[in-house]
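Just the heavy atoms: all of them, side chains too, but no hydrogens, waters or symmetry mates, feed the values below.
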Amino acid sequence: MRITLALIILCFHTAVTTGGMVTQQAINSSPAGLLIGMLLPLFFALSGYLVSGSLERSKSLGVFLGLRGLRIFPALAIDTLLCALVLGPLVTTLPLNDYFQHPQFIQYFQNILGIIHYHLPGVFESNPMSEVNGQLWTIPSELECYILLAALAAVGLHKRRSLLLGVVMAATAALEYRTAVQGVPGWVGRMIVLCFIAGVLVNAYRDRIRLNGVAFIAATALTAICLRTPALIYVTPFPAAYMMVCLGYLNPRKSKFLESGDYSYGLFLYGFPIQQLIVATTHFGRTWYGNLVLSLPIALAFAVMSWHVFEKRALNQKKYLFAFDRWWVSTAPGRLLRGKG
């Protein structure tokens, strides 16, 4: 599901990078916009489902957060360095001395920490969209999800599913009241965090959830209605989470290519900059179909490289994380925090 969703998003971005915001708004208001609008809720619900499973398997909260850090930050750092130090100097319209001394160049490195900046000096200024990597806007929301789940786990809510359900429903009701009654505009970033938590709930109640074709169609229709109705934005996560679990349990046979690695994060990181580069440097790539033909194989190649050269090796360092956790448990502070002192 991750690779499928990432590929659909990449296809959508071929239209966005070649047509700009006008094209994006036109797509969003079209029937195809419903499919596009469902992608992020499904992605974050899937992330919540899988990450909560990782939390269950982790021996401690520190190990859980460490594993999340190993999954996100090393590859994000490499992407940031490649964009700032390789792509930027190749295409910037500024003299290189001015480029490297520009405040935007320095600020861009904050992306390594999840503090997202979108522009590099003189880079892609003549493109329909000037962002170097526009889809990184979801990174802060993803980090917020991990912190929120860790906070819930710290007070034991992840093991008390009825109480967790009550807390989530109360928070959803409060958000919906502000939006539907008080007229406070809903925020997509908060909605996708709630999608993540809905995925956590689906994992917690996986023994009680029944998959049904009619219910799936109803959930799909309700998700579409909520996405088209601003006052119902915070209802979206729950039918979207049911959609996600129904699609996930279809469990089609994996190809050998997909079994060789998890390439979805690499597609996420490199797809947009590659599409922007193609728009800036080729005539054929300025059409959505030309951009798709050129960017898809290149983005897949970078995703494969990212997994095998950086992401997989970073995850292999978890042995040091486990060793540190064992040492910490043996210390007096560690025993106290675990209630064994």
Side-chain angles (χ1 to χ4, degrees), residues 1-9 11-12 28 30-57 141-142 145 148-149 152 157-176 179-180 186 188 190-255 258-259 262 264:
M1 277 192 69
R2 285 196 300 262
I3 193 73
T4 299
L5 292 171
L7 286 170
I8 296 173
I9 290 172
C11 293
F12 169 60
N28 289 341
S30 71
L34 281 175
L35 172 62
I36 301 302
M38 291 179 183
L39 295 179
L40 274 179
L42 289 173
F43 223 130
F44 271 75
L46 176 61
S47 179
Y49 184 89
L50 296 175
V51 170
S52 60
S54 173
L55 175 62
E56 290 177 358
R57 294 187 297 272
S141 294
E142 187 80 14
C145 290
L148 178 57
L149 181 56
L152 293 173
L157 277 181
H158 70 302
K159 294 182 178 179
R160 303 174 67 182
R161 65 185 187 180
S162 296
L163 185 56
L164 175 61
L165 177 61
V167 169
V168 173
M169 295 307 294
T172 302
L175 290 169
E176 267 300 306
T179 301
V188 174
R190 184 66 62 237
M191 184 269 286
I192 59 178
V193 170
L194 196 56
C195 288
F196 180 93
I197 298 301
V200 173
L201 281 172
V202 167
N203 183 57
Y205 281 93
R206 61 187 180 273
D207 62 318
R208 302 283 296 274
I209 293 175
R210 298 294 178 263
L211 305 182
N212 181 280
V214 174
F216 171 77
I217 293 172
T220 303
L222 182 56
T223 302
I225 291 170
C226 291
L227 288 171
R228 289 298 197 201
T229 309
L232 297 177
I233 183 173
Y234 295 116
V235 179
T236 307
F238 302 100
Y242 186 80
M243 285 180 62
M244 175 276 299
V245 75
C246 286
L247 292 171
Y249 275 97
L250 291 175
N251 197 26
R253 179 181 296 179
K254 286 184 179 180
S255 68
L258 291 182
E259 289 180 339
D262 182 0
S264 58

Criterion side chain to side chain contact (heavy atoms under 4.5 Å, CB included) on H158 and V200, from CA distance to verdict: CA-CA 8 Å; H158 70 302; V200 173; 5.9 Å; no
Trace of the side chain to side chain contact (heavy atoms under 4.5 Å, CB included) decision for L152 with I197: CA-CA 10 Å; L152 293 173; I197 298 301; 4.2 Å; yes
Residue pair F44, L194: steps toward the side chain to side chain contact (heavy atoms under 4.5 Å, CB included) verdict: CA-CA 8 Å; F44 271 75; L194 196 56; over 6 Å; no
Side chain to side chain contact (heavy atoms under 4.5 Å, CB included) between L250 and M1, worked out: CA-CA 10 Å; L250 291 175; M1 277 192 69; over 6 Å; no
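Note that CG of L247 is 10.5 Å distant from OH of Y242, once rounded to the nearest 0.5 Å. In this structure, CD1 on I8 lies 9.0 Å from CG on L42, to the nearest 0.5 angstrom. Atoms CD1 and CG, on I233 and L227 in that order, are 8.0 Å from each other to the nearest 0.5 Å. Put simply, SG on C246 and CG on N212 are 8.0 Å apart, with the number rounded to the nearest 0.5 Å. Separating the CG atom in L157 from the CG atom in L165 is a distance of 11.0 Å, to the nearest 0.5 Å. The CE atom of M38 lies 12.0 Å from the CG atom of L5; values are rounded to the nearest 0.5 Å.
The backbone N or O of E176 sits nowhere less than 3.5 Å from a side-chain atom of T179 that would complete a donor-acceptor pair. Between the side chain of T229 and the backbone N or O of C226, no donor-acceptor pair lies under 3.5 Å.
Taking the side chain as every heavy atom from C-beta outward, L35 and F12 never approach each other to under 4.5 Å. Using a 4.5 Å cut-off on side-chain heavy atoms (C-beta onward), V245 and R206 make no contact. At a threshold of 4.5 Å between non-hydrogen side-chain atoms, the residues F43 and I9 count as touching. Proximity of L149 to F196: side-chain heavy atoms (C-beta onward) are separated by under 4.5 Å at one or more points. For the pair V51/N203, no side-chain contact is recorded, criterion being any heavy-atom separation below 4.5 Å from C-beta on.
Smallest separation of non-hydrogen atoms from S52 and G199: OG-O, 4.5 Å. Contact between R228 and L34 at its shortest, heavy atoms only, is NE-CD2, 3.4 Å. The two residues A231 and A180 come nearest to each other via the heavy atoms O-CB, 3.9 Å. When all heavy atoms are compared, the tightest approach of A241 to A198 is CB-CB, 3.8 Å. When every heavy atom of A240 is checked against every heavy atom of T223, the shortest pair comes out as N-OG1, 3.4 Å. Residues E142 and S47 approach most closely at OE2-OG, 2.9 Å, considering heavy atoms.
Environment of CZ in R160: sparse, with no more than 12 heavy atoms of neighbouring residues, nucleotides or ligands closer than 6.0 Å.
With a 6.0 Å cutoff to the six-membered ring centre and a 45° limit on the axis angle, R161 counts as a cation-pi contact of Y205.
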